[in-house]
Amino acid sequence: MPPQQHLVAKIGPSILNSDLSRLADECDRMVKSGADYLHLDVMDGNFVPNLTFGHPVVATLKPKFKEVFFDMHMMVAEPLKWVESMAETGAEQYTFHLEAAGGHTASDVIRKIKEAGMKAGIAIKPNTPVEALLPYLNEVDMVLIMTVEPGFGGQKFMPDMMPKIKKVREMFANLDIGVDGGVSEANIGECAEAGANMIVSGSAIVKSQDPASVIASLKKSVENALA
Ligand SMILES: O=C(CO)[C@@H](O)[C@H](O)COP(=O)(O)O
Ligand SMILES: [Fe+2]
């Protein structure tokens, strides 16, 4: 992988599999363990077969974490519909799925996200070829490559998604590339080698005895690959 001038290793715990009855405490635990940002999975029970939370929850959570970057992973069928209300919560990034532009073009969604003052992330599911993303890579702030079928935490990592990361990294040396789904110390090496620098990890961090050491280990692997 070519040396990256501006890329930074960033670890973003997904709190989906944490104790959601204590969401603020769990977010605080992750931040105190060294998280660079928080990855919050919004699911509408339509785009994915699961239901989590939306902007009303984020609106009460974000004020407790003003300085923490919230990456909203929007697994929703109509991403355009939620942009304004999510922006009002203060969330910094809105990552929608290319497969769910909801009858609008992905460029419309990206434009609306940026007009609302958030960074725009675009995600693809395992079955979506990376070529489908290419027209939008100049417009977005981040690409999220799913290494599980979205909808649940604790699933098995899909290593055959690595060529997608490689392809984007070859084309865009300084674009934030995220990886999300089953990421742990066992597979971070291949994610980092492929070129991912924003690492979403849920169960491997929130369910570990020592989240700080897992976060530090994931970060070290990415920093080594970026060096
Ligand atoms: O978006 C998703 C699942 O749809 C992910 O953010 C998972 O929530 C990550 O959790 P692990 O797979 O790392 O346990
Ligand atoms: Fe996610």
Side-chain angles (χ1 to χ4, degrees), residues 10-20 23 26-27 29-30 33 35-54 57-58 61 68-77 79 82 86 91-100 118-128 140-162 164-165 176-192 196-211 213-215 217-219 221-222:
K10 294 176 253 189
I11 311 302
S14 157
I15 45 85
L16 180 66
N17 273 4
S18 66
D19 176 356
L20 296 179
L23 181 56
E26 290 285 75
C27 291
R29 184 166 73 95
M30 292 300 109
S33 299
D36 296 294
Y37 66 100
L38 291 177
H39 179 87
L40 293 102
D41 290 306
V42 177
M43 300 180 187
D44 66 358
N46 182 349
F47 180 68
V48 290
N50 198 359
L51 195 56
T52 57
F53 49 80
V57 169
V58 182
L61 187 67
V68 180
F69 188 96
F70 275 27
D71 170 34
M72 305 310 303
H73 183 187
M74 302 301 290
M75 288 163 277
V76 297
W82 308 109
M86 197 56 82
E92 285 79 5
Q93 181 160 289
Y94 190 98
T95 301
F96 72 103
H97 270 263
L98 176 62
E99 303 91 347
M118 295 182 286
K119 284 181 176 292
I122 191 164
I124 50 171
K125 292 182 176 182
N127 286 341
T128 302
V140 295
D141 299 292
M142 183 264 232
V143 165
L144 187 64
I145 304 296
M146 293 305 294
T147 44
V148 296
E149 188 61 29
F152 299 90
Q155 299 181 80
K156 196 167 172 330
F157 176 79
M158 299 167 76
D160 49 346
M161 296 295 119
M162 295 303 102
K164 293 185 180 180
I165 297 175
D176 275 336
I177 302 178
V179 58
D180 183 10
V183 178
S184 70
E185 290 170 275
N187 53 49
I188 185 65
E190 49 196 299
C191 297
N197 69 299
M198 284 187 79
I199 308 300
V200 177
S201 176
S203 311
I205 296 176
V206 298
K207 300 236 183 262
S208 81
Q209 292 303 311
D210 185 353
S213 80
V214 176
I215 290 173
S217 163
L218 296 175
K219 191 158 185 169
S221 296
V222 179

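We number each residue from 1, following the sequence as shown. Read the numbers this way: they start at 1 and go in the same order the structure lists the ligands and their atoms.
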Contacts table for residues 149-159: side-chain donor-acceptor under 3.5 angstrom, sequence neighbours left out:
| unit_1 | atom_1 | unit_2 | atom_2 | d |
| --- | --- | --- | --- | --- |
| Gln155 | NE2 | Glu149 | O | 2.9 |
| Gln155 | NE2 | Phe152 | O | 2.9 |

Which of the ligand 1 atoms, numbered from 1, are nearer than 4.0 Å to a heavy atom of Gly154: 11 (P), 12 (O), 14 (O)
query: How long is the span from the CD atom in Glu26 to the CG atom in Leu38, to the nearest 0.5 Å?
result: 11.0 Å
message: Check contact between Glu149 and ligand 1, using heavy atoms of the residue and a distance below 4.0 angstrom.
response: no
- prompt: Given Leu16, Val206, Val183, Asp180, which has its nearest heavy atom closest to atom 5 (C) of ligand 1?
  reply: Asp180
- request: Any atoms of ligand 1 less than 4.0 Å from a non-hydrogen atom of Asp41? List them with their elements.
  value: 1 (O), 2 (C), 5 (C), 6 (O), 7 (C), 8 (O)
- request: State whether a side-chain donor-acceptor pair under 3.5 Å links His73 with Asp71.
  value: no
- prompt: Relative to the heavy atoms of Pro150, which atoms of ligand 1 are at a distance of less than 4.0 Å?
  reply: 4 (O)
statement: In short, Phe47 meets Lys125 closest at the heavy-atom pair CZ-CE, 3.3 Å
- line: What one should report as the nearest heavy-atom pair of Glu185 and Ser217 is OE2-OG, 2.8 Å
task: Show your working on side-chain contact (heavy atoms from CB on, under 4.5 Å) between Val206 and Arg29 and close with a plain yes or no.
output: CA-CA 9 Å; Val206 298; Arg29 184 166 73 95; 4.2 Å; yes
- line: Of Val48, Val76, Thr95, Leu51, the one forming a side chain to side chain contact (heavy atoms under 4.5 Å, CB included) with Val42 is Val76
- request: Output the list of atoms in ligand 1 that are nearer than 4.0 Å to some heavy atom of His39, sorted by atom number.
  value: 6 (O)
field: Residue pair Trp82 / Tyr94, side-chain heavy-atom distance below 4.5 Å
entry: yes
field: Test side-chain contact (heavy atoms from CB on, under 4.5 Å) applied to Ile124 and Glu99, step by step
entry: CA-CA 7 Å; Ile124 50 171; Glu99 303 91 347; 3.8 Å; yes
field: Contact check, side chains of Leu16 and Met43, non-hydrogen atoms, under 4.5 Å
entry: yes
Nearest option to atom 13 (O) of ligand 1, as decided by whichever heavy atom of Gly181, Ser18, Ala123, Gly202 sits closest: Gly202
- request: Show all protein N/O/S atoms under 2.8 Å from the Fe ion (ligand 2), or state that there are none.
  value: His39 NE2, Asp41 OD1, His73 ND1, Asp180 OD2
message: Looking at Lys119 and Asp176, is any side-chain nitrogen of the basic one under 4.0 Å from a carboxylate oxygen of the acidic one?
response: no
query: Looking at Phe152, which atoms of ligand 1 are within less than 4.0 Å of one of its heavy atoms?
result: 3 (C), 4 (O)
task: Show which atoms of ligand 1 fall inside a sub-4.0 Å distance from at least one heavy-atom site of Met43.
output: 4 (O)
task: Compute the minimum heavy-atom distance from Gly151 to ligand 1 and say whether it is under 4.0 Å.
output: yes
message: For atom 12 (O) of ligand 1, what's the nearest protein heavy-atom neighbour? Residue, atom name and distance, please.
response: Gly182 N, 2.8 Å
- prompt: Got more than 12 heavy atoms from elsewhere within 6.0 Å of CG, Asn127?
  reply: no
message: With a 4.0 Å cut-off on heavy atoms, is Met146 in contact with ligand 1?
response: yes
query: So which protein heavy atom does atom 14 (O) of ligand 1 come closest to, and at what separation?
result: Ser203 OG, 2.6 Å
Per-atom contacts of ligand 1 with His73, taking only distances under 4.0 Å to non-hydrogen atoms: 1 (O)
- request: Going by the side chain to side chain contact (heavy atoms under 4.5 Å, CB included) test, name the single residue among Pro13, Ser201, Ser213 that passes it with Leu218.
  value: Ser201
query: By number and element, which atoms of ligand 1 are closer than 4.0 Å to a non-hydrogen atom of Ser201?
result: 13 (O)
